[in-house]
Amino acid sequence: MTQYEVVGIGNAVVDVISHADDNFLADNGIEKGIMQLIERDRAEDLYATMQDRVQTPGGSVANTVAGAGALGLKTAFIGRVRDDELGQFYAKAMTDIGIDFVNAPVAEGENPTSRCMIFVTPDGERSLNTYLGISTGLTSADVPQAVTEKAKLMFLEGYLFDHDAGKTAFREAARAATAGGGMAGIAISDPFCVERHRDDFLALIENDLGYVIGNEAEIRALWETDDTEAALAKTAEICPLVVCTRSGDGVTLVRGEERVDVPVEKVVPVDATGAGDQFAAGFLYGLATGRDLETCGRMGNICAGEVIRHIGPRPQTDIMALFKAEGLV
Ligand SMILES: Nc1ncnc2c1ncn2[C@@H]1O[C@H](COP(=O)(O)OP(=O)(O)OP(=O)(O)O)[C@@H](O)[C@H]1O
Ligand SMILES: O=C(O)C[C@@H](O)[C@H](O)C(=O)CO
């Protein structure tokens, strides 16, 4: 019997978001539109430059779990925080919205809670500067089988694939979920991470996962090609369900012989932070509740469309009302 509709494993990260222009990015060596890892000193320096900062719980898969929970699904999140001010803030924010936050904050002897300095430029693009503290040290010991085997949908965060212990934990979690009658999938997270671990990514997808979600660059990175269509076809050969988000061009979903392209109304985002994460929340809601592929895509687009219209990576409005307005529920 599955107890959770969605269980996520990912980096537990506190996001600090502020506005900046392109000159600021250039002057401060920030690469636009991607995630860069930074050291603690640089995190403190960047933090000090932020004028209008907003602090919010973030982390990619954690954002997805929060979005799925807001839609009423029974959810759990597995990720590590330290028992410091940010860690307590983070854990409380998750439990306050009804998510089972599986691991208690770690008391001592390790790095502080992870944080990400996010700069949003006038075009809505977000540039992430992540200081990975304690969250990146996730191992199998943090991933209780009593939780993973009860997941209907397990959702893994590609960023955690950078460490061998994370890879092992992912394989075990995926297998436990599958053995319990559930299905495991991954958010690819980052083309650079794929480049560092391509063979292991492909092996995990082929052997242990039922679905994979990535943006165009991430899906292409799996196959070292510039051809998105070719990469999609190859991914579909090794994975039953492939979802490729395409920013203002919507999303493509492929399940065996079935393919659906779901467009969106293209807008200039207020803040693109969390677009992919909230797409995944809507998509997983559709999947967990047995919707057809097109409806899953439409639900994902609605969730992503909401999050890009405000600052911050998690929903701020009643998404179910948006689904109702579109006749989806
Ligand atoms: N400019 C836009 N206009 C309308 N919808 C958008 C736009 N950008 C993104 N979206 C929505 O967000 C979804 C995910 O966007 P995208 O493919 O950029 O994912 P991503 O790269 O993972 O995003 P991020 O890393 O910013 O969270 C799209 O499928 C779409 O539904
Ligand atoms: O990718 C994004 O747009 C942001 C999120 O994935 C998230 O908030 C994050 O990982 C930074 O903590």
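This chain uses plain numbering: 1 for the first residue, then up along the sequence. Both counts, for ligands and for their atoms, begin at 1 and track the order of listing. Only a predicted model underlies this, so the values are computations on that prediction, with no experimental measurement involved.
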Heavy atom of the protein closest to atom 19 (O) of ligand 1 (residue, atom name, distance)
Thr245 OG1, 3.4 Å
Counting non-hydrogen protein atoms only, what is the nearest one to atom 13 (C) of ligand 1? Give residue, atom name and distance.
Ala304 CB, 3.7 Å
Atoms of ligand 2 less than 4.0 Å from Gly274 heavy atoms?
2 (C), 3 (O), 4 (C)
List, by chain and number, the other hydrophobic cluster members for Phe192, where Ile, Leu, Val, Met, Phe, Trp and Tyr join if side-chain heavy atoms come within less than 4.5 Å, directly or indirectly.
Ile34
Heavy-atom distances under 4.0 Å are what count here, so tell me which part of Ile308 touches ligand 1: side chain, backbone, both or neither.
side chain
Any atoms of ligand 2 less than 4.0 Å from a non-hydrogen atom of Asn63? List them with their elements.
5 (C), 7 (C), 8 (O)
Could you tell me if the side chain of Met320 sits less than 4.5 Å from the side chain of Val329, heavy atoms only?
yes
Could you name each residue pair satisfying salt bridge (Lys or Arg N to Asp or Glu O under 4.0 Å) that touches residues 288-301, not counting sequence neighbours?
Arg298-Glu326
In terms of atom number and element, which parts of ligand 2 are under 4.0 angstrom from non-hydrogen atoms of Asp15?
7 (C), 8 (O), 11 (C), 12 (O)
Please determine if Pro269 has a nitrogen or oxygen closer than 3.5 Å to a nitrogen or oxygen of ligand 1.
no
Do Leu160 and Ile9 come within less than 4.5 Å of each other through their side chains, counting heavy atoms only?
yes
Below 3.5 angstrom, do we get any N/O pair linking Arg126 and ligand 2?
yes
Decide yes or no for Thr235 and Trp223: does some side-chain heavy atom of the first lie under 4.5 Å from some side-chain heavy atom of the second?
yes
Given side-chain contact (heavy atoms from CB on, under 4.5 Å), test Asn63 with Gln278 step by step and report yes or no.
CA-CA 7 Å; Asn63 290 335; Gln278 292 313 320; 3.8 Å; yes
To check your reading of the model: name the closest protein heavy atom to atom 21 (O) of ligand 1, its residue, and the distance in Å.
Asn215 ND2, 2.8 Å
Looking only at distance, does Val264 have an N or O less than 3.5 Å from an N or O of ligand 1?
no
Any non-hydrogen side-chain atom of Leu284 less than 4.5 Å from a side-chain atom of Tyr211?
yes
Exercise: do Asp190 and Tyr159 side chains pair donor with acceptor under 3.5 Å
no
Counting heavy atoms only, which of Gly250, Gly248, Gly300, Ala187 comes nearest to atom 29 (O) of ligand 1?
Gly250
With heavy-atom distances below 4.0 Å as the criterion, list the atoms of ligand 1 near Arg246.
17 (O), 29 (O)
Is the contact between Asn11 and ligand 2 made by the side chain, the backbone, both, or neither, using heavy atoms and a 4.0 Å cut-off?
neither
Is the closest side-chain heavy-atom distance between Leu25 and Thr121 below 4.5 Å?
yes
At less than 4.0 angstrom from any non-hydrogen atom of Gly274, what atoms of ligand 1 do you find?
27 (O)
Looking only at distance, does Gly59 have an N or O less than 3.5 Å from an N or O of ligand 2?
yes
Is Ala275 close to ligand 1, meaning an N/O of one under 3.5 Å from an N/O of the other?
yes
Measure up the Phe77 and Phe101 rings against each other and bin them: parallel (under 30°), tilted (30 to 60°), perpendicular (over 60°).
parallel
To the nearest 0.1 Å, how far is atom 10 (O) of ligand 2 from its closest protein heavy atom, and which atom is that?
Ser60 N, 3.4 Å
In terms of ring plane angle, is the pair Phe161 and His197 parallel, tilted or perpendicular, where the classes change at 30° and 60°?
perpendicular
Considering only NZ, NE, NH1 and NH2 on the basic side and carboxylate oxygens on the acidic side, decide whether Arg82 and Glu110 come within less than 4.0 Å.
no
Does the side chain of Asp227 pick up a donor-acceptor pair with the side chain of Thr225 at under 3.5 Å?
no
To the nearest 0.1 Å, how far is atom 3 (N) of ligand 1 from its closest protein heavy atom, and which atom is that?
Val267 N, 3.1 Å
Around atom 28 (C) of ligand 1, find the nearest protein heavy atom and jot down its residue, atom name and distance.
Ser247 O, 3.4 Å
Given that the side chain starts at C-beta and the backbone is N, CA, C, O, which of these parts of Thr273 lies under 4.0 Å from ligand 2, counting heavy atoms, or is it both or neither?
both
Which residue holds the protein heavy atom closest to atom 25 (O) of ligand 1, what is that atom called, and what is the gap in Å?
Arg126 NH2, 2.8 Å
Which protein heavy atom lies closest to atom 4 (C) of ligand 1, and at what distance to 0.1 Å?
Glu265 O, 3.3 Å
What do we get for Cys116 next to ligand 2 when only non-hydrogen atoms under 4.0 Å count, side chain, backbone, both or neither?
side chain
With the side chain counted from C-beta on, respond yes when Met154 and Phe170 share a heavy-atom pair under 4.5 Å apart, and no when they do not.
no
Please say which of Leu253, Thr252, Leu293 ends up in a side-chain contact (heavy atoms from CB on, under 4.5 Å) with Val262.
Leu253
Which option wins on minimum heavy-atom distance to atom 5 (C) of ligand 2: Asp277, Asn129, Val13, Val14?
Asp277
Determine, using heavy atoms of Gly276 and all atoms of ligand 2, whether some pair is separated by less than 4.0 Å.
no
Report yes if some heavy atom in the side chain of Asp200 is under 4.5 Å from a heavy atom in the side chain of Leu204; otherwise report no.
no
Are any of the N/O atoms in Asn301 less than 3.5 Å from those in ligand 1?
yes
Check whether any N or O atom of Gly276, backbone or side chain, sits under 3.5 Å from an N or O atom of ligand 1, and answer yes or no.
yes
